[in-house]
Amino acid sequence: MKSKVWLFKPIFYVLIALCVVLTLLTGWFHTQDRVLFYVEAGLTIAVIAYVILRLRHIQKDIKCFLQEMGRTLTSAQQEALTSFPIPVLVASKKGEIIWYNDLFQEQALQQDDMYGCRVDEIIPNIDMENLAGSEGYEVEFHDRLYTVYAVDSAQTGDPLVVFYFIDETRLKKTARRFEDTRPSVGVIMIDNCEELLEAAKEDERAQLTGRIEYLLIQYVAACNGLFKRLERDKYLMVVEEQHLRTMLDNRFDILDRVREIVVGESKMAATLSIGIGRGAENLRDSEQMARQALEMALGRGGDQVAVRTQNGYEFFGGVSKGVEKRTKVKTRIVASALIELIEGSDNVLLMGHKFADLDCLGAAVGLLKGIRMLGKPVSVVLNREQNLAQPLYERLAGNGYQDAFVDPQAAVELVSKKTLLIVVDTHIQHILESEAVYQACKNVVVIDHHRKMVGHIDRAVIFYHEPYASSASEMVTELLQYFGGDRTIGRLEAEALLAGIMLDTRNFVLRTGVRTFEAAAYLRKLGADTVEVKRLFASSIESYQHKVHLVASAEIYKGCAVASTAEGGADIKLVAPQAADELLNINGVDASFVLYEYQGGTSFSARSMGGMNVQLIMEKLGGGGHQTMAGAQLAGVPLEEARGRLLAAIDEYCEENRSKQQKLLPPQAFQAAI
């Protein structure tokens, strides 16, 4: 045992005697006055006597302390701790080191003496005030890893704490190596391989996929991973966790490298979609998670990486515009399968999202007419009081569709074992008009164009999802063309569908492809009047004034127009997106955000012209949507705090995509963004 008690008394007294003799001899040779000599000698002896008395008093205190400690640690315990096979340290409740065994000094301490020091000098994260029920402290020093357990003594006097140092260096290093070397499977797909080959010259086609494949091989080889080609445009990779973390830190810069490959006179850029399964129990589960992640990445528009873990998804990239990639073959197949489901059901319910807009209601009305032509009873689940398509609803109700609509509460009673539920313009369960109706129906079909989000409906019999379509109304218009040769919808339904297309494309400005105009032309052929459709967008003078006030209060922040209002009103959910659209007409504004208070929280309406992906910004706030149209809601968050979160999300987006924005934005917009 080590202690600071002076155990060698003879040596102590010999040293005192030597001091006295030396003092007397020094005074004898250097002092001529005998009286002065005796005075000095007497004073010296008095000082030495005082020091001896003080040292004996200190020794007595140390003995008392040792006796107290002895009562705490019996001789058997002391011997046991001394020969204990693990390092042991004893300290006071205040953290002062009192005792430690030989093994602690040899393995953990690696220095001569630590008496008088504090425990927190050795264990920085120790909490001397809360040691009860401790699960151990992770400590690393001298290239060794320890788990320290503290045991508080139960004595009533000065309490002591015993620390046991469990050397887990080998175990923890093995565990770290296990975690670092766990394999993760990734599935890589070239989004627009066919379009690139069509745009490339004859002599460039053979080299195109080779250039992309060469970049992928280099990227995976730098991480010591496995790379294998599955199909012409699909690849498999397997990388260890330690290298996957490097990819995550670099935010998968392979997306940028591949995007630099452009072909044809149109300068079409190549893009990748990657799905990665991380943290699975085995390789098979990881591969399955990777395929699901790839499906999610493609559903969100491609040109991005989706990493799936046991806790959800994480996304990287997705800043470029999606390339329209659809064929009418898929539409025909979906229409045929949908007709079979409708004919095999007792009745059909059509339902969209809460606060249904013109696209949601227009798509539902188009399907309503088509299903009626098939001879099946059908109803539209709609909240008549809370929707953003009141002009269209009133027009439909005045033209014989009054009985076609049913409230969400009453719709549950219409559900039977063979009821078919068709969800339009959304694929997210928690924003459905009625979750109770969805839970009651066994057969569900989803028709949506929004980018896929976490929490989507995963038990649909048919999941018809086209993120490249302009609107759900466009998708329904194409489906109706395959419902039968003589089955055509009327003018009223055609105008409802055209209104939905015009809403989501902002009068054919954004997200319009060739098939968008083909669908509009088909509806026009059926008698849709554009003047009547335009009237469905009319608003009251109060709503217009509210919109103008919002636009006038906007501020510019990093190329984004941000407006907010604490004024609610029944029309705020209709006015906010209209104001966001108006703000895009300002020079130098590439995205707009309108914040408004709603039901004790704050809601967002976000719009862009394509230079900024407002979906990514809204996802940082728990929302989602499209690249050019998105939204979010923060329950219980006041307006000013929500505004601060929005600005922080814009900062984060600009920082993450600084290099990418420089390629995608015009010079003045990029300068404003930085």
Side-chain angles (χ1 to χ4, degrees), residues 189 191-192 252 255 271-276 291-308 312-326 330 352-353 357 359-360 363 423-432 446-458 460 463-475 500-501 503-506 510-513 515-516 577 580 591 593 604-633 649 653 656-657 660 664:
M189 183 175 181
D191 294 329
N192 51 350
F252 294 94
L255 298 176
T271 60
L272 295 178
S273 289
I274 304 176
I276 296 177
R291 293 187 180 275
Q292 294 173 352
L294 178 62
E295 181 183 350
M296 177 68 73
L298 294 172
R300 290 164 54 86
D303 188 29
Q304 58 189 283
V305 179
V307 180
R308 183 177 181 184
Y313 288 90
E314 189 175 3
F315 301 100
F316 301 86
V319 297
S320 64
K321 296 181 180 179
V323 179
E324 185 177 8
K325 184 180 179 181
R326 294 190 294 151
K330 181 179 180 180
H353 53 77
D357 54 13
D359 184 32
C360 179
V423 177
V424 295
D425 200 34
T426 185
H427 62 276
I428 307 301
Q429 178 178 340
H430 70 270
I431 64 173
L432 292 173
V446 175
I447 301 174
D448 188 29
H449 69 109
H450 294 97
R451 289 190 170 190
K452 190 175 289 187
M453 295 177 58
V454 179
H456 60 83
I457 296 173
D458 57 359
F463 195 91
Y464 186 33
H465 178 244
E466 292 288 357
Y468 304 109
S470 67
S471 58
S473 296
E474 177 189 331
M475 298 172 64
I501 295 176
L503 174 70
D504 276 13
T505 60
R506 298 180 206 163
L510 297 176
R511 294 201 317 276
T512 52
R515 294 173 62 172
T516 306
F593 302 88
F604 300 81
S605 184
R607 300 289 186 269
S608 80
M609 297 297 290
M612 293 185 69
N613 192 333
V614 292
Q615 178 199 10
L616 298 180
I617 298 177
M618 289 294 97
E619 284 181 346
K620 298 179 186 298
L621 301 175
H626 256 295
Q627 181 178 9
T628 57
M629 182 185 300
Q633 293 180 347
Y653 173 86
E656 291 174 353
N657 303 281
K660 301 173 185 177
L664 298 174

Hey, does the side chain of D359 reach the backbone of S473 with a donor-acceptor pair shorter than 3.5 angstrom?
yes

Go through the structure and list residues passing salt bridge (Lys or Arg N to Asp or Glu O under 4.0 Å) with R511, not counting sequence neighbours.
none

Could you walk me through whether R607 and F593 pass side chain to side chain contact (heavy atoms under 4.5 Å, CB included), step by step?
CA-CA 7 Å; R607 300 289 186 269; F593 302 88; over 6 Å; no

Taking the side chain as everything from C-beta on, heavy atoms only, tell me whether [X] gets closer than 4.5 Å to [Y].
X    : Y    : answer
E466 : E474 : no
T505 : L510 : no
V305 : F315 : no
I457 : L432 : yes
M296 : R451 : no
M629 : H450 : no

Taking only residues two or more places apart in sequence, or in another chain, which ones meet [X] in a side chain to side chain contact (heavy atoms under 4.5 Å, CB included)?
X    : answer
S608 : A591, V614, T628
A297 : S273, Q304, A306
Q633 : K573, S603

Of the non-hydrogen atoms in [X] and [Y], which two are nearest, and what is the gap between them?
X    : Y    : answer
P467 : L298 : CG-O, 3.7 Å
I447 : M475 : CG2-CE, 3.9 Å
A580 : S605 : CB-O, 4.0 Å
H449 : A469 : ND1-O, 3.6 Å
Y653 : N613 : OH-N, 3.1 Å

Output every pair passing salt bridge (Lys or Arg N to Asp or Glu O under 4.0 Å) with a member in residues 613-629, not counting sequence neighbours, ordered by first then second residue.
R300-E619, K620-E652, K620-E656

Side chain to side chain contact (heavy atoms under 4.5 Å, CB included) between L503 and D357: does it pass, once the steps are laid out?
CA-CA 9 Å; L503 174 70; D357 54 13; 3.9 Å; yes

List the steps, then state whether side chain to side chain contact (heavy atoms under 4.5 Å, CB included) holds for Y464 with V424.
CA-CA 10 Å; Y464 186 33; V424 295; over 6 Å; no

Measuring from F604:CZ to L621:CG, what's the distance to the nearest 0.5 Å?
5.0 Å

Interatomic distance, M189 atom CE to L272 atom CG [nearest 0.5 angstrom]:
10.5 Å

Quick one: side-chain hydrogen bond (donor to acceptor under 3.5 Å, both in side chains) partners of H353, sequence neighbours excluded?
D425

Going through the distances and angles, do D191 and T271 end up as a side-chain hydrogen bond (donor to acceptor under 3.5 Å, both in side chains)?
CA-CA 6 Å; D191 294 329; T271 60; 3.0 Å; yes

Flag for S470-D504: side-chain donor and acceptor within less than 3.5 Å
no

Run Y313 and V307 through side chain to side chain contact (heavy atoms under 4.5 Å, CB included) and show every step you take.
CA-CA 6 Å; Y313 288 90; V307 180; over 6 Å; no

Take H456 and D448, measure what side-chain hydrogen bond (donor to acceptor under 3.5 Å, both in side chains) needs, and give me the verdict at the end.
CA-CA 11 Å; H456 60 83; D448 188 29; over 6 Å; no

Sequence neighbours left out, what passes ring-ring contact (aromatic ring centres under 6.0 Å, His included) with H465? Give chain and number order.
H427, F463

